[in-house]
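What you see below is based on every heavy atom in this structure, not just the backbone, and it leaves out hydrogens, waters and symmetry mates.
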Amino acid sequence: MDNADKIAMVERYVQAFEKGDVEIIRSMYAQDAVVEDPVGTDAHHGLDAICAFYQGALGAGAKLRLSGQARCAGNAVAFPFHVVMPGMQIDVIDVFEFNDEGKISSMKAYWGPDNLRKDG
């Protein structure tokens, strides 16, 4: 997987939130993937648990806005963005790790209380 493919996955991820389409997200992840969002909380293991997690975010109206360039290294890409939801914004850095088939095998989201801003 080259860097252009990794960056295309980031763009596809943003598009999934724009469209509110969990099926796009489902197609990006490996069956045995793990999502930890935010890091330090209980992880979501497997495609069904991951999609349930994302369905909650999509149902809450979350949208993503990239806030800087993606960084590629090895089998991973890290990227900064804002999660924008009614009444709040969260500043996040996600790290995707990819398997040999080009699917996300691990996603870790780095953010905490200091990265949450309430509007209004």
Participant: If you look only at pairs with a residue in residues 16-29, which of them pass as a salt bridge (charged side-chain N to carboxylate O under 4.0 Å, His left out), with sequence neighbours excluded?
Facilitator: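 Residue pairs with at least one partner in residues 16-29: E23-R26, R26-D48.
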Participant: Which residues satisfy the side chain to side chain contact (heavy atoms under 4.5 Å, CB included) test with E97, sequence neighbours excluded?
Facilitator: N75, A76, S105, S106
Participant: Under 6.0 Å from the CD atom of Q15, do we count more than 12 heavy atoms belonging to anything else shown?
Facilitator: yes
Participant: Out of curiosity, I90 CD1 to N115 CG, how far, rounded to the nearest 0.5 Å?
Facilitator: 8.5 Å
Participant: What heavy-atom pair brings M85 and A60 nearest, and what distance separates the two atoms?
Facilitator: CE-CB, 3.9 Å
Participant: Would you kindly confirm whether F96 and I93 end up in one hydrophobic cluster when ILVMFWY residues are joined by side chain heavy atoms under 4.5 Å apart?
Facilitator: no
Participant: My understanding is that only residues two or more places apart in sequence, or in another chain, count here; which of them pass side chain to side chain donor-acceptor pair (under 3.5 Å) with S27?
Facilitator: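 With sequence neighbours excluded, S27 shows a side chain to side chain donor-acceptor pair (under 3.5 Å) to R12, given in chain and number order.
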Participant: Just wondering, are more than 12 heavy atoms of other shown residues or ligands nearer than 6.0 Å to CG in D100?
Facilitator: no
Participant: Rounded at 0.5 Å granularity, tell me how far CD1 in I104 sits from OH in Y29.
Facilitator: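 It is 4.5 Å, given to the nearest 0.5 Å.
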Participant: Mind jotting down which residue pairs meet the salt bridge (charged side-chain N to carboxylate O under 4.0 Å, His left out) criterion with at least one end in residues 74-84? Sequence neighbours excluded, please.
Facilitator: none
Participant: Looking at residues at least two apart in the chain, or sitting in another chain, which of them share a side chain to side chain contact (heavy atoms under 4.5 Å, CB included) with L64?
Facilitator: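 For L64, the residues satisfying side chain to side chain contact (heavy atoms under 4.5 Å, CB included) (neighbours in sequence not counted) are Y13, V14, F17, F81, V83.
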Participant: Considering only residues two or more places apart or on different chains, which pairs with a residue in residues 70-92 satisfy salt bridge (charged side-chain N to carboxylate O under 4.0 Å, His left out)?
Facilitator: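 Matches after skipping sequence neighbours: D91-R117.
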Participant: So with a 6.0 Å cut-off around NZ of K6, is the heavy-atom count from everything else above 12?
Facilitator: yes
Participant: Measure across V77 and C72 and return the closest heavy-atom pair with its distance rounded to 0.1 Å.
Facilitator: CG2-SG, 3.9 Å
Participant: Would you compute the distance between atom NE2 of H82 and atom CH2 of W111 and round it to the nearest 0.5 angstrom?
Facilitator: 15.0 Å
Participant: Please answer: with hydrophobic residues joined when any side-chain heavy atoms are less than 4.5 Å apart, are M9 and L58 in the same cluster?
Facilitator: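 Looking at the clustering, L58 is in the same group as M9.
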Participant: What are the two closest non-hydrogen atoms of V84 and R65, and how far apart are they?
Facilitator: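 Scanning both residues completely, I find the closest heavy atoms to be CG2-NH1, 3.4 Å.
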Participant: Is it the case that one hydrophobic cluster holds both Y110 and F98, taking links as side-chain heavy atoms less than 4.5 Å apart, direct or via other members?
Facilitator: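 Each belongs to a different hydrophobic cluster.
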Participant: What are the two closest non-hydrogen atoms of M107 and Y54, and how far apart are they?
Facilitator: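 So the two residues come closest at CE-OH, 3.2 Å.
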Participant: Got a second to check how far Q31's CD is from I50's CD1, nearest 0.5 Å?
Facilitator: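 One gets 9.5 Å once the value is rounded to the nearest 0.5 Å.
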Participant: How long is the gap from CG on L66 to CD1 on I7, to the nearest 0.5 Å?
Facilitator: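 Rounded to the nearest 0.5 Å, the CG-CD1 separation comes to 10.5 Å.
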Participant: Nearest 0.5 Å, please: how far is CD1 in I25 from CE in M28?
Facilitator: 7.5 Å
Participant: Do V95 and F79 touch side chain to side chain, with heavy atoms closer than 4.5 Å?
Facilitator: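 Sidechains of F79 and V95: no contact.
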